[in-house]
Novice: 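Quick one: the structure is below, and I'll ask about it shortly.
Bear in mind the structure is a predicted one, so any value in this text is a computation, not a measurement.
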Amino acid sequence: MQLKFILTLLCFNVLCSAQDNIETKKVQKIIKKFNHQINDEYAWLEDTESEEVKKWVSQQNAFTQGYYSAVKKRVSNKEIIRNYDMSNSGSLPVHMGKYFYKFLSKDRKKSASLFISKSIDDKPVEIIDPNKIYPEKNVNIEGLTPSKSSNYLAYQLRINGSDKKEVRFYDLNLKREIKDSLLNSKSLKIAWNKELGVFYMQNVNQSKFAKDSTFNLYYHKLNTPEKDDELVYDGSKNNSKFKYFTTRNYLYLLEENEDKTKTTFYYSDLNKGNFELKKFYQNNDDSFEFINYYNGRIYYSTNKFNWGEVRSFAINNKEDDKQVIPQYYNHLLTKTSFTENYLICKYKTNEKSYLSFYNYDGKFIKKIEAPFACNINIVDFEEKSNEVYFVISSYTAPTATYKVNIDGNNEATPVYTAFNKQKPTLFPLDYFTIKCITYKNRDNIDIPITIIYKKGIELNGDNPCLLEAYGGFGIINGPKYDTGLLHFMDKGGIYAFAEIRGGGERGKNWHKKGSGINKINCLNDFIDATEFLIKEKYTNSNKLAISGGSHGGLVVGYAMTERPDLYKLALPKVGVYDVVNKFDHTVGIYHYEEYGNPNIEEEFNAILKYSPLHKIKEGINYPKTVVFTADNDDRVPPFQSYKFVAALKNRAAQKRTILLSVNKGLGHYGGNTYDKKLQERAMFYDILIDTLMR
């Protein structure tokens, strides 16, 4: 055992020595824009299929694994996290049409299979095992869409983590696969034409990291080859975005022009069979935001009301426009669901969320509140019994399912089945202190922040702390249960999540004030959260780690390069670091509004100032950093991480450890099996605890 440990250390030291002298390549790309000339020194790392880059990535992974092997000799939390996971009761099956659908793992080293049952209490029956379809690939099932009568099921396979998915079909009556397979889909949505076929968005990218090409809507008729699919709508000419759905034998399509100043509505009578799209309405208000079409009316909201409202107009009479649900100040409307008789609105406040039920005239019916610091979401509504099923989630307790009848004043009751048995919580409900408060940023604006720690610990400014944020695309974040985080907090760690501008937690204006030309506000809010935690004696700069994923990776990359003195450890995941180069790849062409338009001089200059890769300076020793990515991430390409790591490492001043961890054969969401996800979480928390608590 001792010999093995010594050999591990020797290998690690050799790797350390090798990594101190990363080979500097000749400049392969010079970006000349406006008054700037940018030498892209690590452009060679964009050629991910080259042997040179593959070798470099393998070396980085070996270096990281050598480091992590040494860490595991001191700290290993994998089995603790696994045992914590086993205490979860699990989730209920999802009800769609005639059946209940549930994913279950037969082998934790493989992807989950899809099971169905006819009732919530029936024993589920396996219908699709993705591991048998592609036994040599990392594959999982997503995007279940049953046909209207539940005769068929369309489902999507995410292969090796790619956003470009394969659509397949299953006959629910005959319990067998249909031979059809759509290989070029990048649809978030599949829309059925009765029981005959589906509408989907087609992607024609030949290279996985090329600019996205998902502009066309196609129709696929069941039991026909993909090459015969019919083009229904061509958005490639003007790069327009569109939404589509089918209802009551009609296809509806909403086209938004590139600068988002105009929305055009089209429809097609599916009974005619030719899918001719006819224009029936055009909205020239750039604040228009479509919600749904229901029973002859378009439901929408506008950006004029920051906290969210619901309006509607008759599809054949725009003058019949009315407000259905008004705005409620400081109560953010985050989602509106439609049932036969009810509009169900989900609201978020600083401290919790709740559901409000209305009829279609806007009359209030019932309110269901989540407990303090908890999130609430609908999972099912039974029209016959008038019962709503919903889940409550929090940072400190696993997701629990409840049901309540909309009629009367009856209390909600927990829901368990023979396959979803009740289990005790890991910790008493009052074991942790949860604060939902605000801090003042440099502009004297109140920024919401959630802070959690074990009750009774002394706030003496010397506590290990993990700070996270997302801050992009108007996304509204809610509590996420993570057993690894629970273990960190049980050991005395403090967790904080800052709802910085750029997210959507305080309404539409909150997003605008942290995006585009205002992106710097979002990034500075995060640094201000750091200084607040230190000032208020939650932690200090030698005990503080930061993390965030995707857009949150950008936030972390900016913070550690702007204020390296504030942080002990940075743990960014699948982040954007070379913002200057982002728009030339995958979905970057859709993100001018979020990051700034590189074709406008003022906005390009702003991008260059906050882009983490371009902020790295020669003479600074940046915090210890572990950058996580995946080699098949076609949303945020892995070379964003490669270039950032290379630039950090290849400087004489960098003495603190810089690591790159690359998931092989996976994408933006990481592991596709329980064991792989467990491995990822264990590595994250092992390094976090070893760095801050040793």
Novice: Looking only at the side chains, is there a donor atom on one of Asp85 and Thr483 sitting less than 3.5 Å from an acceptor on the other?
Specialist: yes

Novice: Taking only residues two or more places apart in sequence, or in another chain, which ones meet Arg506 in a salt bridge (Lys or Arg N to Asp or Glu O under 4.0 Å)?
Specialist: none

Novice: Distance alone, cut at 3.5 Å: any donor-acceptor contact between the side chains of Asn672 and Ser111?
Specialist: yes

Novice: Please tell me whether Asp686 and Tyr68 have a donor and an acceptor in their side chains that are separated by less than 3.5 angstrom.
Specialist: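 Short answer, yes.
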
Novice: Is the closest side-chain donor-acceptor distance between Glu499 and Asn477 under 3.5 Å?
Specialist: no

Novice: Does Arg82 have any salt bridge (Lys or Arg N to Asp or Glu O under 4.0 Å) partners at least two apart in sequence or in another chain, and if so, which?
Specialist: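 Per chain and number, Arg82 pairs via salt bridge (Lys or Arg N to Asp or Glu O under 4.0 Å) with Glu79, Asp675.
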
Novice: Apply side chain to side chain donor-acceptor pair (under 3.5 Å) to His614 and list each qualifying residue two or more places apart in sequence or on a separate chain.
Specialist: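 Scan of His614 (side chain to side chain donor-acceptor pair (under 3.5 Å), adjacent residues dropped) gives Ser611.
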
Novice: Applying the side chain to side chain contact (heavy atoms under 4.5 Å, CB included) test to Val580, which of Asp40, Ile607, Leu613 qualifies?
Specialist: Ile607

Novice: Please identify each residue that fulfils salt bridge (Lys or Arg N to Asp or Glu O under 4.0 Å) with Lys573, with sequence neighbours left out.
Specialist: none

Novice: First locate atom CD of Glu594, then atom NZ of Lys519, and finally report the distance between them rounded to the nearest 0.5 Å.
Specialist: 3.5 Å

Novice: In terms of the angle between their ring planes, are Tyr84 and His487 parallel, tilted or perpendicular, with boundaries placed at 30° and 60°?
Specialist: perpendicular

Novice: So, using side chain to side chain contact (heavy atoms under 4.5 Å, CB included) as the criterion, who are the partners of Tyr329 when residues are at least two apart?
Specialist: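 Residues passing side chain to side chain contact (heavy atoms under 4.5 Å, CB included) with Tyr329: Trp307.
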
Novice: Side chains of Asn375 and Lys346: donor-acceptor distance under 3.5 Å anywhere?
Specialist: yes

Novice: With distance as the sole criterion, is a donor-acceptor pair present between the side chains of Tyr42 and Asp578 under 3.5 Å?
Specialist: no

Novice: Can you name the side chain to side chain donor-acceptor pair (under 3.5 Å) partners of Tyr685, sequence neighbours left out?
Specialist: Asp482

Novice: Have Asn524 and Glu562 got a donor and an acceptor in their side chains that come within less than 3.5 Å?
Specialist: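 Absent: no donor and acceptor within the cut-off.
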
Novice: Under 3.5 Å, is there a donor on one side chain and an acceptor on the other for Glu468 and Tyr495?
Specialist: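 Short answer, yes.
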
